[in-house]
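First the structure, in the form of structure tokens, and then the observations on it.
Residue numbers count from 1 along this sequence. In listed order, ligands and their atoms are each counted from 1. Atom set for the values below is all heavy atoms of this structure, side chains included, hydrogens, waters and symmetry mates excluded.
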Amino acid sequence: MDKTTMFTLTYGIFIAAVEEGGKMNGCIINTAVQSTSDPVRMNVTMMKENLTTQMIKKKGSLTVSVLSLDAPLDLIRLFGMRSGREYSKFDEIEYKTDKQGNPYMGKNTIAYMSLIVRSILDLDTHYLFICDVVEGEKTETGQPMTYADYRALKSGKVIEIDNYNDVPDKKTYVCTVCHYVYDGDVPFEELPEDWTCPVCNQPKSVFLAE
Ligand SMILES: Cc1cc2nc3c(=O)[nH]c(=O)nc-3n(C[C@H](O)[C@H](O)[C@H](O)COP(=O)(O)O)c2cc1C
């Protein structure tokens, strides 16, 4: 199978967030999708080892904030490359809370949804949370950030609103497990064989060139 076919799928960029046991935490996800419209349901797939995942499993609810195209890379780094185990992510940003007490983004987001987990499927490395959407509100006007926008942003490209599909052709290496895009100074080919993905710790061999 050509695993790069998976990179042709289109995703958004979201922050899944939760308050559990007095602590707020959240992480970047690209795997939030609507599954049914009446009732409104969404599926969210998350790595078991993420602190956010474990907190959501305990609490049984979460929010999903839809990031806007103008969201800065630093925000994505904060929520997507650091763990709440060693860092209190919500200390640095504006947020509001929903009726379950879960935080959602107060800035750089065009909408949020409140989700109640109804069922959990064990996918070995991940949990698939099947959720009812119980609240939802547009917070700012603007365009949603897509996964392609995020990759362009990481490559240092200035994204023009309404003209943002033009991704540079430089070869990029993407983790097939968590979709982290390698952007280090050392060329990917020259990284040592025991190098691992900084996001999900998978070996170099799971990366594919695009
Ligand atoms: C662009 C991008 C997309 C990501 N997508 C997902 C995802 O869909 N599911 C997931 O569990 N983690 C995903 N991650 C990884 C988590 O955001 C990351 O592991 C985070 O540091 C976990 O933080 P936590 O331990 O505080 O929960 C993604 C990261 C990035 C940068």
- Query: Once the angle between the rings of Tyr182 and Tyr180 is folded into 0 to 90°, is it parallel (under 30°), tilted (30 to 60°) or perpendicular (over 60°)?
  - Reply: perpendicular
With ring-ring contact (aromatic ring centres under 6.0 Å, His included) as the rule and sequence neighbours excluded, what pairs involving [range] come up?
| range | value |
| --- | --- |
| residues 2-29 | Tyr11-His179 |
| residues 101-125 | Tyr104-Tyr112 |
| residues 62-86 | Phe79-Phe90 |

Could you list each N/O atom of ligand 1 together with any protein N/O atom closer than 3.5 Å, one pair per line with the distance?
unit_1: ligand 1; atom_1: 5 (N); unit_2: Asn30; atom_2: N; d: 3.4
unit_1: ligand 1; atom_1: 5 (N); unit_2: Asn30; atom_2: OD1; d: 2.8
unit_1: ligand 1; atom_1: 8 (O); unit_2: Asn30; atom_2: N; d: 3.2
unit_1: ligand 1; atom_1: 8 (O); unit_2: Asn30; atom_2: OD1; d: 3.4
unit_1: ligand 1; atom_1: 8 (O); unit_2: Thr31; atom_2: OG1; d: 2.9
unit_1: ligand 1; atom_1: 9 (N); unit_2: Thr45; atom_2: O; d: 3.3
unit_1: ligand 1; atom_1: 11 (O); unit_2: Met47; atom_2: N; d: 2.7
unit_1: ligand 1; atom_1: 11 (O); unit_2: Asn50; atom_2: ND2; d: 3.0
unit_1: ligand 1; atom_1: 12 (N); unit_2: Asn50; atom_2: ND2; d: 3.3
unit_1: ligand 1; atom_1: 14 (N); unit_2: Ile28; atom_2: O; d: 3.2
unit_1: ligand 1; atom_1: 17 (O); unit_2: Ile28; atom_2: N; d: 3.3
unit_1: ligand 1; atom_1: 17 (O); unit_2: Ile28; atom_2: O; d: 2.8
unit_1: ligand 1; atom_1: 19 (O); unit_2: Asn50; atom_2: OD1; d: 3.3
unit_1: ligand 1; atom_1: 21 (O); unit_2: Arg82; atom_2: O; d: 2.9
unit_1: ligand 1; atom_1: 23 (O); unit_2: Arg82; atom_2: O; d: 3.3
unit_1: ligand 1; atom_1: 23 (O); unit_2: Lys89; atom_2: NZ; d: 3.1
unit_1: ligand 1; atom_1: 25 (O); unit_2: Leu51; atom_2: N; d: 3.0
unit_1: ligand 1; atom_1: 25 (O); unit_2: Ser83; atom_2: OG; d: 2.7
unit_1: ligand 1; atom_1: 26 (O); unit_2: Asn25; atom_2: ND2; d: 3.0
unit_1: ligand 1; atom_1: 26 (O); unit_2: Gly84; atom_2: N; d: 2.7
unit_1: ligand 1; atom_1: 26 (O); unit_2: Lys89; atom_2: NZ; d: 2.9
unit_1: ligand 1; atom_1: 27 (O); unit_2: Leu51; atom_2: N; d: 3.2
unit_1: ligand 1; atom_1: 27 (O); unit_2: Thr52; atom_2: N; d: 2.9
unit_1: ligand 1; atom_1: 27 (O); unit_2: Thr52; atom_2: OG1; d: 2.5

- Item | Interatomic spacing from CE in Met145 to CG in Leu75 - rounded to 0.5 Å | 8.5 Å
- Gap between atom CG of Asp98 and atom OG1 of Thr63 - 0.5 Å precision: 6.0 Å
